[in-house]
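Below you'll find the structure, written out as structure tokens, and then a few comments.
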Amino acid sequence: MKDWIRTKYCGELRKSDAGSTVILNGWVNRRRDLGQLIFVDLRDRSGLVQVVFDPETLGPEQFQQAEGLRSEYVIAVQGQVVARPEGQVNPNLATGEVEVLVSSLVVLAEAKTPPFPIDRAEEVDESLRLKYRYLHLRSRELQEALAMRHRITAAVRSFLDSQGFLEVETPMLIRSTPEGARDYVVPSRVHPGSFYALPQSPQLFKQLLMIGGFDRYYQIARCFRDEDLRADRQPEFTQIDVEMSFVDREAVMNMMEAMILHVFREVKGIDLPAPIPRLSYREAMDRFGTDKPDTRFGLEIHDLTASLKNSEFRVFAETAAAQGVIRGINVKGGASFTRRQIDRLSEQAQAWGAKGLIWLAVEEGQVRSPIAKFLKEEEVEAITKELAAEVGDLVLIVAGGYDLVCDVLGRLRLLLGRELGLMDENAYNLLWVVDWPLLVYDEEAGRYVAAHHPFTAPLDEDEHLLETDPGRVRAKAYDMVLNGVELGGGSIRITNRRLQERMFAALGFTMEEARRQFGYFLEAFEYGAPPHGGIAFGLDRLVMLLAKRQSIRDVIAFPKTVSASDLMIEAPAPISEAQLKELKINLRN
RNA sequence: GGAGCCGUGGUGUAGCUGGUUAACACGUCGGCCUGUCACGCCGAAGAUCGCGGGUUCGAGUCCCGUCGGUUCCGCCA
């Protein structure tokens, strides 16, 4: 066979192709050698098809070559597509109604026996899969996940292009800034002792692009953060980064809402309901105990402080007196939990910082609870009424400071929702969380720090509180949440010079310090900055959710381990003495 | 920085209260086989039990340390 270039993908062949002659290229997925007849499942990125080697159609010489085929050999075959005989259709294969009767074989590359079977790679130890990532990439799981990643970015690009956004690249070698995450750092050879930082996000550059008149910008941007990893956090990750000029909060949110709905339509074929529901930060905390609620299930938090503030149960009375809150959730049907199960929940709540977990099992005509004897009848009634608790339900109550109670009940809610199977795995619940606090008090630093970043604008109606009660100022910020995962967040930026100064003052920066850190940036605002705002989405997380994977490692072609190593290329690695010398770097012992 | 889980032929696992020959399946190699599709049948090779130390007459098994992977908390927008 002179010409071995493919005419068809393996996985495309259907009954309608029967009779045609094709050339296929691919890997030997599996070989079944019956002696005078050999079957091979041939694999390329589109899928599998069975090819048949028969000495009568192939000739003895080529058949002998076929006998030598092994797993992962790269071959080209020419042959006729034939419908499979009656009773030999394989319903587990998309191409199962046909097979290719090979008339000519070319071995394009032999292969060592792979360290793990490609079609069962998911069962293999992850460190081995990462070392041989290029083999794992051949698996259907990764092929599909990365194809979906491509379709998502393609949908994003086509949508933003249609709306007049320009994709602009920003530098990777930038200046380290003290706020935010730890920077990855790159030494400069030309400037010994000086270092670049890799960007945590293109934040400042996209704002400068607005000042530069680009009006609508986006970038599928790589970002770097030198912090400890998680299943949904890699040291380098990708953001869909967007910024718009001459807009208010509504305009940005509406545009981004349309973009995400477009992605769902294009990639998943799902028309999600518009508009995306909105929740204030405060309401999210009150009802779900978190700033990124999973709204696929109920189990909402209810406040009981007013009903229980005069309780004989000392914990309640003291909590209320100390400006704390008493809140609870109703676990439907939870009264049947064993004592052991309840104790486990209680231990978990305490591990999260709660002083204790109070429970009430609602039974016919009474409640069973360790604190039953302290509760007056009207108090029990108030609890069951507020939580709509019925016979068979279990009420869980936490008392303490507002933040702690929200946090503990929010986590309990998620734990129970997961364990009781309350989440619809096929649902996609999008949500905007708005009206974030502008500033949060950092105990460690002894000052307020920016909840989002120092260039986020306050709500107009809260601006006057910036000096008197900074903790109460809300921001023109918004986060998009999908099934309890933060997909992205952004804000309208400060473009007023005087307001920016007040913001820095609230953060405890003198104008001198601010100028030293962000001088070029502040100066830019003196040359006519349009009102602007934007957002950044975590692309890896979005793909992870749409592809239904447990980790963003499964949607990144070459991911790093939890200790930020690449097991395939063995990075990071020491550099040579000569390189160090050139950089004028001495290593400390 | 802290806590949990995992590490046994190439792969996935078993290995009891410590006991002398480390078991099974898949894969690999050789042989047979013309309708298999996780092909089948027969045979064979293949393991310093992650690494180091300790306890013990004796350690895959118990203890300590360490390395790697992973999950979570801290950290991270």
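Residue numbering restarts at 1 for every chain, and letters A, B, ... go by the order of the sequence lines.
- The main-chain N or O of A:A181 is found under 3.5 Å from a side-chain atom of A:Q200 such that the two form a donor-acceptor pair.
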Polar-atom pairs under 3.5 Å, protein N or O versus N or O of nucleotides 42-50 of chain B: list them with distances, or write none.
none

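- Heavy-atom distances to RNA chain B give each of A:T113 and A:Q36 a nearest nucleotide, and the one nearer the 5′ end belongs to A:T113.
- For the OP1/OP2 pair of B:G68 and a distance below 4.0 Å, the side-chain nitrogens and oxygens of A:T561 include no atom meeting the criterion.
- Summarising the geometry, the separation between CG on A:D54 and C1' on B:C33 is reported as 14 Å, rounded to the nearest angstrom.
- Against RNA chain B, the stretch residues 551-560 of chain A makes heavy-atom approaches under 4.0 Å through A:R553.
- Across B:G58 and B:G19, the matching P atoms stand 15 Å from one another, rounded to whole Å.
- Between the side chain of A:K548 and the backbone N or O of A:E425, at least one donor-acceptor pair lies under 3.5 Å.
- The side-chain heavy atoms of A:R474 and A:R282, taken from C-beta on, include no pair separated by under 4.5 Å.
- Taking atom P on both B:A25 and B:C63, the two are 32 Å apart, rounded to the nearest angstrom.
- The closest donor-acceptor contact from the side chain of A:K8 to the backbone of A:L24 lies at 3.5 Å or more, if one exists at all.
- A side-chain hydrogen bond (donor to acceptor under 3.5 Å, both in side chains) with A:E126 is found for one member of A:H136, A:R553, A:K131 and no other, namely A:R553.
- Between A:D41 and A:R32 there is a salt bridge, with a side-chain nitrogen of the basic residue lying less than 4.0 Å from a carboxylate oxygen of the acidic one.
- For residues 410-419 of chain A, every residue pair satisfying the side chain to side chain donor-acceptor pair (under 3.5 Å) rule, not counting sequence neighbours, is listed here: A:R344-A:E419, A:D407-A:R411.
- In this structure B:G12 sits in a base pair with B:C24, meeting the Watson-Crick or G-U test at under 3.5 Å.
- The same atom, C1', is picked in B:U17 and in B:G7; the two are 24 Å apart, to the nearest Å.
- Of the possible donor and acceptor atoms, none in the side chain of A:T21 sits under 3.5 Å from a partner among the backbone N and O of A:Q78.
- Results of the salt bridge (charged side-chain N to carboxylate O under 4.0 Å, His left out) test with A:D435 over A:R278, A:K476, A:R249 single out A:R249 as the only residue that passes.
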Practice item. Given salt bridge (Lys or Arg N to Asp or Glu O under 4.0 Å), test A:E486 with A:K292 step by step and report yes or no. Key: CA-CA 6 Å; A:E486 181 202 331; A:K292 41 178 192 291; 5.6 Å; no
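- With respect to the salt-bridge test (charged N to carboxylate O, under 4.0 angstrom), the residues A:R233 and A:D540 do not qualify.
- Residue contacts for A:S563: at a heavy-atom cut-off of 4.0 Å it reaches the sugar-phosphate backbone alone, with no base atom in range.
- No donor-acceptor pair under 3.5 Å is formed between the side chain of A:D566 and the backbone N or O of A:A571.
- Across B:A45 and B:C26, the matching C1' atoms stand 16 Å from one another, rounded to whole Å.
- Between the P atoms of B:A77 and B:U66, the separation comes to 30 Å (whole Å).
- Residue A:E99 is in base contact, counting any heavy-atom pair closer than 4.0 Å across all strands shown.
- Of all nucleotides listed (B:G35, B:G30, B:G69), B:G30 comes nearest to the side chain of A:R70.
- Within the shown strands, nothing qualifies as a pairing partner of B:C75 under the Watson-Crick or G-U definition with both distances less than 3.5 Å.
- Side-chain polar atoms of A:Q207 and A:Q203 form a donor-acceptor pair below 3.5 angstrom.
- Taking atom P in both B:C73 and B:A38, one finds a spacing of 41 Å when rounded to whole Å.
- With a cut-off of 3.5 Å on both pairing distances, B:A59 has no Watson-Crick or G-U wobble partner at all.
- Inspection of the A:S551 and A:R549 side chains reveals no N or O donor paired with an N or O acceptor under 3.5 Å.
- Residues A:M480 and A:I276 approach most closely at CE-CD1, 3.9 Å, considering heavy atoms.
- A:L345 and A:L396 get closest at one heavy-atom pair: CD1-CD1, 4.1 Å.
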**Study point:** Contact letters for nucleotides 72-77 of chain B, in which S counts primed atoms plus P, OP1 and OP2 and B counts the base, heavy atoms under 4.0 Å
**Key:** SBBBBB
Write out a two-atom table: protein N or O, nucleotide N or O from nucleotides 6-12 of chain B, distance below 3.5 Å.
unit_1 : atom_1 : unit_2 : atom_2 : d
B:G10  : O2'    : A:P115 : O      : 2.8
B:G12  : OP1    : A:D125 : N      : 2.8

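- Nucleotide B:C5 is matched to B:G69 when pairs are restricted to Watson-Crick or G-U wobble geometry with both distances under 3.5 angstrom.
- Going from the P atom of B:G18 to that of B:U11 covers 29 Å, rounded to whole Å.
- Comparing the P positions of B:A3 and B:U48 gives a spacing of 32 Å, expressed to the nearest Å.
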What does the list of N/O pairs under 3.5 Å between the protein and nucleotides 37-41 of chain B look like, with a distance for each?
unit_1 : atom_1 : unit_2 : atom_2 : d
B:C37  : O4'    : A:R32  : NE     : 2.9
B:C37  : O2     : A:Q50  : OE1    : 3.3
B:C37  : O2     : A:N90  : ND2    : 3.1
B:C37  : N3     : A:R84  : NH1    : 2.5
B:C37  : N4     : A:R84  : NH1    : 3.2
B:C37  : N4     : A:Q88  : O      : 2.6
B:C39  : OP1    : A:R30  : NH1    : 3.3
B:C39  : OP2    : A:R32  : NH1    : 3.0
B:C39  : N4     : A:D33  : O      : 2.3

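- At distances below 3.5 Å, at least one donor-acceptor pair connects side-chain atoms of A:N483 with backbone N or O atoms of A:N429.
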